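Just so it is clear, the model here is predicted, and its values are computed rather than measured. Counting starts at 1 for both ligands and their atoms, following the listed order.
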Amino acid sequence: MSDAIDSNRRGFLTRLSKPVRALSAEAEPTPRAAPRPPQAVDEALFERLCDGCGKCAEACPNSIVHIRESLARIDMDYNECTLCQECSKVCPTGALNLSVKAQIDLVPSFSQGCDNYLQLTCHLCQSSCKLAAIHIEEDELPRLETELCNGCGQCQSSCYVNAISMVAS
Ligand code: SF4
Ligand code: SF4
Ligand code: SF4
């Protein structure tokens with residue numbers, strides 16, 4: 001067995017041995033240690049179920065899923081998530097699960113390089129957001145309605161002046 005596989009296996013077994021608190025409808029979600037694919041189960045359970053097999057990363061048409069420290073995570077620096085569910089469909093362990101409401105723990109952050117803020121009218125991020133989570137008023141930075149946002153990153157891709165970065169929510 002190679003060192004890499006051995007280390008993956010060791011990491012997986014270590015996580016399996018961790019206690020996990022009971023999850024109930026009232027339980028607070030466990031904070032994410034990193035952004036996960038949109039249908040990842042609660043973080044504590046995810047860390048036990050994901051074995052870093054990489055099937056989700058292979059399935060993602062946008063190449064935004066990567067394996068780090070034997071766990072699947074999202075990197076949205078160069079692309080967005082289309083919520084296509086391909087990663088969830090191929091996950092063999094249930095760590096990504098089609099029954100989970102799609103949500104990535106990221107939100108857009110708007111910089112002062114925004115054209116609208118610089119008095120050059122632009123509404124691109126607002127019109128790209130399928131959930132109508134972005135509101136724009138004249139000469140102001142875009143305003144996010146956080147509770148509507150699912151962290152998909154479509155707004156970041158739409159901004160041609162790179163005034164949006166996706167940050168932890
Ligand atoms: S839902 Fe689709 S685009 Fe989003 S991370 Fe999964 S495979 Fe990639
Ligand atoms: S797309 Fe970019 S430049 Fe246009 S309003 Fe949104 S943040 Fe500003
Ligand atoms: S991340 Fe997606 S849902 Fe959130 S504001 Fe941007 S486009 Fe809308």
Side-chain angles (χ1 to χ4, degrees), residues 29-43 45-169:
T30 318
R32 293 283 183 207
R36 304 295 181 203
Q39 291 179 300
V41 296
D42 184 77
E43 184 73 7
L45 188 56
F46 179 82
E47 289 184 1
R48 287 167 61 88
L49 291 178
C50 178
D51 63 2
C53 71
K55 289 188 191 304
C56 50
E58 285 164 25
C60 178
N62 289 10
S63 303
I64 61 170
V65 183
H66 303 277
I67 307 299
R68 297 275 185 278
E69 296 172 351
S70 303
L71 294 171
R73 61 170 290 158
I74 290 268
D75 177 353
M76 228 180 251
D77 284 353
Y78 302 105
N79 216 338
E80 75 274 1
C81 174
T82 55
L83 304 174
C84 66
Q85 300 189 319
E86 293 304 321
C87 49
S88 305
K89 286 181 202 159
V90 299
C91 177
T93 70
L96 308 180
N97 201 304
L98 288 167
S99 68
V100 172
K101 183 173 181 243
Q103 179 75 43
I104 300 169
D105 289 294
L106 294 170
V107 288
S109 166
F110 304 94
S111 83
Q112 293 184 355
C114 164
D115 271 358
N116 197 67
Y117 184 73
L118 299 172
Q119 304 182 354
L120 302 164
T121 305
C122 176
H123 289 173
L124 281 178
C125 53
Q126 182 181 44
S127 36
S128 76
C129 178
K130 295 186 178 80
L131 300 181
I134 295 177
H135 304 279
I136 293 187
E137 288 175 28
E138 198 177 348
D139 303 343
E140 298 286 343
L141 276 184
R143 183 172 57 78
L144 180 71
E145 216 167 318
T146 315
E147 56 284 4
L148 295 182
C149 174
N150 62 15
C152 70
Q154 302 279 344
C155 51
Q156 178 182 244
S157 295
S158 77
C159 180
Y160 62 100
V161 295
N162 294 325
I164 300 179
S165 19
M166 299 302 290
V167 299
S169 57

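- With a 4.0 Å heavy-atom cut-off, ligand 2 is reached by no atom of L141.
- When each atom of ligand 1 is checked for a heavy atom of I74 under 4.0 Å away, the hits are 5 (S).
- Side chain of E43 to backbone of A33: a donor-acceptor contact under 3.5 angstrom is found.
- Protein N, O or S atom count below 2.8 Å of atom 6 (Fe) of ligand 1: the structure gives 1.
- Put simply, the side chain of Y160 reaches to within 4.5 Å of the side chain of C122, judged on heavy atoms.
- Applying the salt bridge (Lys or Arg N to Asp or Glu O under 4.0 Å) test to R73 and every residue at least two apart in sequence or in another chain returns nothing.
- Considering only heavy atoms from C-beta on, T121 comes within 4.5 Å of H123 through its side chain.
- Within the 4.0 Å heavy-atom criterion, the part of M166 lying near ligand 3 is the side chain and not the backbone.
- Proximity to I136 (heavy-atom distance under 4.0 Å) selects the following atoms of ligand 2: 5 (S).
- Judged purely by distance below 3.5 Å, without hydrogens or angles, the side chains of Q154 and S128 never pair a donor atom with an acceptor atom.
- Side-chain polar atoms of N62 and Y78 form no donor-acceptor pair below 3.5 angstrom.
- What sits closest to atom 8 (Fe) of ligand 2 on the protein, heavy atoms only, is C114 SG, 2.4 Å.
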Donor-acceptor contacts under 3.5 Å from residues 130-143 side chains, at least two apart:
from, atom 1, to, atom 2, distance (Å)
H135, NE2, E145, OE1, 2.6

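- Here is the list of ligand 2 atoms found below 4.0 Å of a heavy atom in D115: 3 (S), 8 (Fe).
- Residues C81 and I104 have side chains in contact (heavy-atom distance under 4.5 Å, counting atoms from C-beta outward).
- Each of the atoms 1 (S) of ligand 2 lies under 4.0 Å from some heavy atom of L124.
- Note on atom 4 (Fe) of ligand 3: protein N, O or S atoms under 2.8 Å away count 1, no waters included.
- Considering only non-hydrogen protein atoms, atom 6 (Fe) of ligand 2 sits nearest to C125 SG, 2.3 Å.
- When hydrogens are left out, the protein atom nearest atom 5 (S) of ligand 2 is C122 O, 3.3 Å; that is the closest non-hydrogen contact.
- Looking at heavy atoms from C-beta onward, C155 lies in side-chain contact with P108 at the 4.5 angstrom threshold.
- Close approach of ligand 1 to P61 (heavy-atom distance below 4.0 Å) involves ligand atoms 7 (S).
- The distance from atom 8 (Fe) of ligand 2 to the nearest N/O/S atom of C159 is not under 2.8 Å.
- Close contacts of ligand 2 with I164, meaning ligand atoms under 4.0 Å from a residue heavy atom, involve 7 (S).
- If you number the atoms of ligand 2 from 1 as listed, the ones under 4.0 Å from a heavy atom of V161 come out as 3 (S).
- A donor-acceptor pair is defined here as one N or O able to donate and one able to accept, closer than 3.5 Å; no such pair exists between the side chain of D75 and the backbone of I64.
- The backbone N or O of C149 lies less than 3.5 Å from a partner atom in the side chain of Q103, making a donor-acceptor pair.
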*Show your reasoning for whether salt bridge (charged side-chain N to carboxylate O under 4.0 Å, His left out) applies to E58 and K55.*
CA-CA 5 Å; E58 285 164 25; K55 289 188 191 304; 6.0 Å; no
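- Formation of a donor-acceptor pair under 3.5 Å by the R36 side chain with backbone atoms of I74 is not found in this model.
- In summary, the side chains of S88 and Q39 do present a donor paired with an acceptor at a separation below 3.5 Å, with no hydrogens or angles considered.
- The closest donor-acceptor contact from the side chain of E80 to the backbone of S158 lies at 3.5 Å or more, if one exists at all.
- The closest donor-acceptor contact from the side chain of T93 to the backbone of L49 lies under 3.5 Å.
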